[in-house]
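A short write-up of the structure that comes next.
Bear in mind the structure is a predicted one, so any value in this text is a computation, not a measurement. Letters A, B, ... are given to chains in the order of the sequence lines, protein chains preceding strands, and every chain is numbered from 1.
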Amino acid sequence: MQISLLMQGTEYGDETLKQAMAQELRTRLLEVEQEGRKLRVYCGFDPRTSDLHLGHTVPMRKMRQFQELGHEVTFVIGRFTSLIGDPSDKDSIRAQITLEEATLNAETYAEQAFKILDPNRTRIAYNDTWLSELTFQDLIKLASNFTFQQFLTRDAFRKRWEAEDPIYLHEFFYALMQGYDAYHLKTDVQIGGTDQLFNIVTAARKLMEVLGERPNIAIIHGILPGTDGVVKMSKSLGNHIPLQTDPEDMYGKVMSVPDIAMSSYFRLVTSLTPTEIDEIEGGLESGEFHPRDVKMRLAREIVGIYHGEDVVDKAEAAFRRVFQEREDPEEMPDLLISHGLALVDVMVEAGLTKSKGEARRLIDQRGVRLDGVVIENPEEILELDEPKVLRVGKRRFLRLLPPEE
RNA sequence: GGGCGGUUACCCAAGUGGCCAAAGGGGGCUGACUGUAAAUCAGCUGGCAUUGCCUUCGGAGGUUCGAAUCCUUCACCGCCCA
């Protein structure tokens with residue numbers, strides 16, 4: 001009963017492993033029941049940036065499922081692991097962050113997570129509290145359980161090895177640290193994406209075993225692609241949909257996701273049942289549904305989760321207005337300007353462009369409009385006697401207000 | 001520690017004294033098309049300035065009328081040897 005629900009949507013890339021994990025989960029459930037306790041479930045999130053995005057919610061939704069079944073969920077904030085950066089992430093090595101930065105970034109992590117997790121049933125833990133206590137001796141002991149070759153067969157490392165790109169020694173610690181988290185928390189279940197297979201299945205399970213704990217069960221989910229539809233969602237790539245964005249923006253960002261990624265989005269970040277999703281996919285395939293309408297449904301679902309059903313209609317209306325009917329949005333920032341200012345200066349001042357050169361370029365490319373009229377002259381001087389709407393490109397808007405007389 | 005090769009713009013990568021703000025690709029942006037999808041096409045992609053100037057080719061210093069390109073030195077990376 002619980003098993004099928006908990007294994008729902010998992011993706012191991014290996015049927016044998018999946019069966020093994022399902023079997024272990026079954027056994028473990030029975031055991032904890034006899035012990036009169038609940039499963040201890042955890043997933044770690046590294047605060048390498050300050051905001052969580054849709055991609056983070058995939059494991060969080062799975063955690064929520066465990067919560068609903070009464071299990072104990074620990075939301076680990078990887079303040080210590082984020083110092084290294086998971087080598088599974090391509091460019092995480094590049095920018096090392098400090099504990100101070102990680103702490104700052106983590107400030108609102110829990111608050112953001114509670115959009116998905118039940119705050120009353122979530123334990124928050126920071127992994128620096130135990131990882132920073134380890135001695136060099138401890139580290140040696142942990143490290144001695146693994147061979148260099150085991151790490152090297154990992155895709156992330158192997159590719160770099162073959163490309164003769166640097167692989168830093170400390171990157172190997174990441175898996176050890178994550179494994180130690182699982183050991184320290186004595187977890188029964190660890191959740192993560194397919195990119196965490198090595199960290200969870202190889203490192204954590206082995207470490208727990210040699211340290212005298214039962215290996216935790218890996219619940220592995222698929223990876224949510226970003227708004228480009230291909231690469232894993234991440235803030236540093238700029239293909240993310242932040243949880244803390246306004247409903248209109250969230251709706252629009254979902255709409256910009258390529259069709260091919262829709263199915264992943266439905267499966268990974270909405271509450272639709274597998275049956276409902278099958279119906280949608282069938283309808284798409286037969287041509288019964290228009291992909292755009294399906295995507296609008298997707299956008300409604302997602303906006304509804306984070307902003308509430310009551311604002312969904314408004315977000316959708318705003319989207320239709322601006323992108324389908326090509327009207328100006330109802331709400332946009334105002335800027336009071338005085339007479340005789342150069343348009344390019346106003347654009348830079350308002351943050352619509354980074355430089356005057358960029359502003360001129362956009363005007364040149366016919367990408368700047370004032371009340372719908374394309375501005376032709378890069379040296380345009382503004383003389384307003386009534387408010388006008390400045391549109392830069394597809395989605396940058398500003399209402400210019402004339403000076404008060 | 002020794003030998004060799006390398007460090008170029010957001011990323012990859014060409015460029016070995018002036019024609020280099022620096023080829024090409026990716027990414028991003030603008031426009032056309034359109035469903036803020038995909039594909040395609042055209043263009044843009046350091047800053048300031050209306051013909052010019054300033055900053056940029058790992059850091060610092062030097063040679064030269066002139067350097068991403070040559071020299072010195074420092075730092076970092078890879079390969080091979082130990």
Which whole-number value in Å describes the distance from [X] [atom1] to [N] [atom2]?
{"X": "A:Lys235", "N": "B:rC10", "atom1": "NZ", "atom2": "P", "answer": "19 Å"}
{"X": "A:Asp165", "N": "B:rC77", "atom1": "CG", "atom2": "P", "answer": "13 Å"}
{"X": "A:Leu237", "N": "B:rG26", "atom1": "CG", "atom2": "P", "answer": "18 Å"}
{"X": "A:Glu164", "N": "B:rG5", "atom1": "CD", "atom2": "P", "answer": "15 Å"}
{"X": "A:Leu169", "N": "B:rC77", "atom1": "CG", "atom2": "C1'", "answer": "15 Å"}
{"X": "A:Trp161", "N": "B:rC77", "atom1": "CH2", "atom2": "P", "answer": "15 Å"}
{"X": "A:Leu362", "N": "B:rG28", "atom1": "CG", "atom2": "C1'", "answer": "12 Å"}

Could you measure between the two [atom1] atoms, the one in [N] and the one in [M], and give it in whole Å?
{"N": "B:rA22", "M": "B:rU56", "atom1": "P", "value": "16 Å"}
{"N": "B:rU55", "M": "B:rU7", "atom1": "P", "value": "24 Å"}
{"N": "B:rG3", "M": "B:rU73", "atom1": "P", "value": "13 Å"}
{"N": "B:rC80", "M": "B:rU63", "atom1": "P", "value": "40 Å"}
{"N": "B:rA9", "M": "B:rA82", "atom1": "P", "value": "36 Å"}
{"N": "B:rG6", "M": "B:rG17", "atom1": "P", "value": "15 Å"}
{"N": "B:rA42", "M": "B:rU51", "atom1": "C1'", "value": "27 Å"}
{"N": "B:rC53", "M": "B:rG58", "atom1": "P", "value": "24 Å"}

In terms of the angle between their ring planes, are A:Tyr251 and A:Phe319 parallel, tilted or perpendicular, with boundaries placed at 30° and 60°?
tilted
Between A:Ser50 and A:Lys235, is a side chain to side chain contact (heavy atoms under 4.5 Å, CB included) present by the stated rule, with each step listed?
CA-CA 10 Å; A:Ser50 60; A:Lys235 187 181 183 184; 4.2 Å; yes
Tell me which nucleotide, if any, is Watson-Crick or G-U wobble paired with [N] when both distances must be under 3.5 Å.
{"N": "B:rU50", "result": "none"}
{"N": "B:rA42", "result": "B:rU30"}
{"N": "B:rC4", "result": "B:rG78"}
{"N": "B:rA60", "result": "B:rU72"}
{"N": "B:rU16", "result": "none"}

Of A:Phe157, A:Phe151, A:Tyr174, which is the lone residue that meets ring pair (Phe, Tyr, Trp, His ring centres under 6.0 Å) with A:Phe198?
A:Phe151
Out of the candidates A:Arg399, A:Arg321, A:Lys314, only one should pair with A:Glu330 under the salt bridge (charged side-chain N to carboxylate O under 4.0 Å, His left out) rule; please name it.
A:Arg321
Could you write [range] as a row of B, S and -, 5' to 3', where a protein heavy atom under 4.0 Å of any base atom gives B, of only sugar-phosphate atoms gives S, and otherwise -?
{"range": "nucleotides 35-40 of chain B", "result": "BBB---"}
{"range": "nucleotides 52-57 of chain B", "result": "------"}
{"range": "nucleotides 44-51 of chain B", "result": "SS-SSS--"}

Under-4.0 Å side-chain N/O to phosphate OP1/OP2 contact, A:Arg396 with B:rU30:
yes
Mind checking whether A:Trp130 and A:Asp181 have side chains closer than 4.5 Å, heavy atoms only?
yes
Check step by step if salt bridge (Lys or Arg N to Asp or Glu O under 4.0 Å) holds for A:Arg300 and A:Asp313.
CA-CA 8 Å; A:Arg300 291 182 63 91; A:Asp313 286 333; 3.2 Å; yes
State which residue, out of A:Lys186, A:His184, A:Gln190, A:Glu213, fulfils the side chain to side chain contact (heavy atoms under 4.5 Å, CB included) condition with A:Met208.
A:Glu213
Check against side chain to side chain contact (heavy atoms under 4.5 Å, CB included), A:Ile241 and A:Tyr265
CA-CA 12 Å; A:Ile241 303 179; A:Tyr265 274 67; 4.3 Å; yes
Indicate whether any N or O donor in one side chain lies under 3.5 Å from an N or O acceptor in the other, for A:Gln19 and A:Gln23.
no
Indicate whether any N or O donor in one side chain lies under 3.5 Å from an N or O acceptor in the other, for A:Ser271 and A:Arg61.
yes
Exceeds 12 heavy-atom contacts within 6.0 angstrom, atom CD of A:Glu276
yes
Counting heavy atoms not belonging to A:Glu33, are there more than 12 under 6.0 Å from its CD?
no
I need the single residue from A:His71, A:Arg26, A:Gln65 that forms a side-chain hydrogen bond (donor to acceptor under 3.5 Å, both in side chains) with A:Gln2. Which is it?
A:His71
